[in-house]
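This report concerns only the one structure given below.
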Amino acid sequence: MTLSGRESYRDELTLLAREDPSIVCLEADLGGARHPFEEAHPDRFFNLGIAEGAMIDMAAGLAEAGYRPFVSTFAPFATLRAAESLKLTLGYIGAGVTVVAPYAGVSGAWFGTTHHGLEDIAVARSVPGVTVAAPHGEQEMRAVVRDAAASGRPHYIRTGRNAVYDSLSSAATAEPLVWDRHAGPGDLCLVSVGEEGTRLCVEAAAARDGLAHAHLCYLDHENLSRVTDLLSGRHSRFLVVEEHRAEGGVAEALALLMPRSEVHGVNAGHSWPTGGGDHHEVMASLGLHLPTVLDTVDRLTGPAPVSLPRPNVALTNA
């Protein structure tokens, strides 16, 4: 694969719009000079500038008029700056609007704390009726965009900035759960969320034998409820890796949905990164990197508890 998540979204939406004249694309000053949708369908492309709430409100009106709006802005601005518009449009009204949010987590890195989105899953999951997705790689992103366009339901789709990933599945439709590795029922199961969480789980599973790895694409309550039987039917101990706060994240959700299972999490913790660096450097400053994942795996699978630092390990249901 050669495209990042946000590039895959733009390209797939441009292709879908050739066959579906109801699809419109709205951007909050993220389109750039050569947005593929604008070049192919200039009469259905709108750059609303730095007016995220107004953009989502406008999308609500377009949906009411029979269009299928896709809107895009930074993850923290979509879920926090425009929180009321998102709640009313996607939740209360139930408008068929898809919000695609790049720069999730700390993928903005050098842009700084104001542009980091470590709370967006919590906000989007708290709005009833919204399908929440965090696809990994080009193929899965394309599948999620196709599913959103076909369903007409409210969607929130998070992605990163420019990084390119290989999807774990090449299915034409996105699956809520993809098994990357199987292991025995007594073994620890890694559960990956989003692009970087999945990358870390793939690397950890390659470094430690006997680990299962399940990747989650859809993260809303409805979809997570559907996969808990599949997860708990195979394993009883889980380690969720996510580029998000512990509070309101997927580890917390799974712990509530699987009260008889043991759920742990490696996440972005509670710090506010203020220094510069690229994506991985900022993640490492939060303790969200491969050494933390492997240390946590070793602690959970070792013969006896050991005294290891636990910077961002949270949430256990015994």
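Under the 4.5 Å side-chain heavy-atom criterion for Ile, Leu, Val, Met, Phe, Trp and Tyr, Met55 and Val127 are members of the same hydrophobic cluster. A continuous path of hydrophobic side-chain contacts links Leu290 to Leu300 [ILVMFWY only; heavy atoms under 4.5 Å]. Residues Val130 and Val123 fall into different hydrophobic clusters, defined by Ile, Leu, Val, Met, Phe, Trp and Tyr side chains chained together at heavy-atom separations under 4.5 Å. Transitive grouping of hydrophobic side chains (ILVMFWY, heavy atoms separated by less than 4.5 Å) keeps Ile56 and Leu80 in distinct clusters. By the criterion of side-chain heavy atoms lying less than 4.5 angstrom apart, applied directly or through intervening Ile, Leu, Val, Met, Phe, Trp or Tyr residues, Leu48 is grouped together with Tyr67 in one hydrophobic cluster.
Between the side chain of His41 and the backbone N or O of Val24, no donor-acceptor pair lies under 3.5 Å. Judged by distance alone, the side chain of Arg125 and the main-chain N or O of Leu219 form a donor-acceptor pair under 3.5 Å. Side chain of Ser167 to backbone of Gln139: a donor-acceptor contact under 3.5 angstrom is found. Under a 3.5 Å cut-off, the side chain of Thr14 and the backbone N or O of Arg10 do form a donor-acceptor pair. A donor-acceptor pair under 3.5 Å is absent between the side-chain atoms of Glu39 and the main chain of Pro36, judged by distance alone. Not one N or O on the side chain of Ser8 forms a donor-acceptor pair closer than 3.5 Å with the backbone of Met141. With hydrogens and angles ignored, the 3.5 Å screen pairs a side-chain donor or acceptor of Thr113 with a backbone N or O of Pro273. Within the 3.5 Å criterion, the main-chain N or O of Val250 finds a donor-acceptor partner in the side chain of Glu242. Counting only distance, with no hydrogens or angles, the side chain of Glu138 and the backbone of Leu3 share a donor-acceptor pair below 3.5 Å. Panel note: side chain Glu64, backbone Ala60; no donor-acceptor pair is recorded below 3.5 Å.
Using modelled atom types, one finds a donor on one side chain and an acceptor on the other under 3.5 Å when comparing Glu196 with Tyr165. No donor-acceptor contact under 3.5 angstrom links the side chains of Glu175 and His215, judged on distance only. Side-chain N/O atoms of His244 and Glu119 include no donor and acceptor closer than 3.5 Å. Judged purely by distance below 3.5 Å, without hydrogens or angles, the side chains of Asp120 and Tyr156 pair a donor atom with an acceptor atom. With no hydrogens or angles considered, a side-chain donor-acceptor pair links Ser85 and Asp57 at under 3.5 Å. Using modelled atom types, one finds no donor on one side chain facing an acceptor on the other under 3.5 Å when comparing Glu281 with His279. The closest side-chain donor-acceptor pair between Ser4 and Glu7 falls under 3.5 angstrom. In summary, the side chains of His136 and Ser192 do not present any donor paired with an acceptor at a separation below 3.5 Å, with no hydrogens or angles considered.
We find the NE2-CG distance between His264 and Leu188 to be 7.5 Å, quoted to the nearest 0.5 Å. With rounding to the nearest 0.5 Å, the separation of CD in Glu27 from CZ in Phe70 is 12.5 Å.
Ring-plane geometry between Tyr218 and His155 is classed as perpendicular, the angle between the planes exceeding 60 degrees on a 0 to 90 degree scale with a lower cut at 30. The aromatic rings of Phe74 and His115 stand perpendicular to each other, their planes meeting at an angle above 60°, with 30° marking the opposite boundary.
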Side-chain donor-acceptor pairs under 3.5 Å in residues 95-107, sequence neighbours left out?
| residue | atom | partner | partner atom | Å |
| --- | --- | --- | --- | --- |
| Tyr103 | OH | Arg161 | NE | 3.3 |
| Ser107 | OG | Ala104 | N | 3.4 |
| Ser107 | OG | Ala104 | O | 2.8 |

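Between His35 and Phe45, the ring center distance clears the sub-6.0 Å criterion.
Considering all non-hydrogen atoms of both residues, His116 and Val282 come closest at CE1-CG1, 4.2 Å. A pairwise comparison of heavy atoms in Gly287 and Thr292 identifies O-OG1, 2.8 Å as the closest pair. Smallest separation of non-hydrogen atoms from Thr173 and Ala143: C-CB, 3.8 Å. Considering every non-hydrogen atom in both Leu257 and Ser225, the closest pair reads CD2-OG, 3.7 Å.
The cationic group of Arg81 lies under 6.0 Å from the six-membered ring centre of Phe77 and within 45° of the ring axis, placing it in a cation-pi geometry.
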task = Please test Cys25 against Phe46 for side-chain contact (heavy atoms from CB on, under 4.5 Å), starting from the C-alpha separation and ending with a verdict.
result = CA-CA 6 Å; Cys25 179; Phe46 305 93; over 6 Å; no
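Using a 4.0 Å cut-off between charged side-chain N and carboxylate O, Arg199 and Glu195 make no salt bridge. One finds no salt bridge joining Arg237 and Asp187 here, because no Lys/Arg side-chain nitrogen approaches an Asp/Glu carboxylate oxygen to under 4.0 Å.
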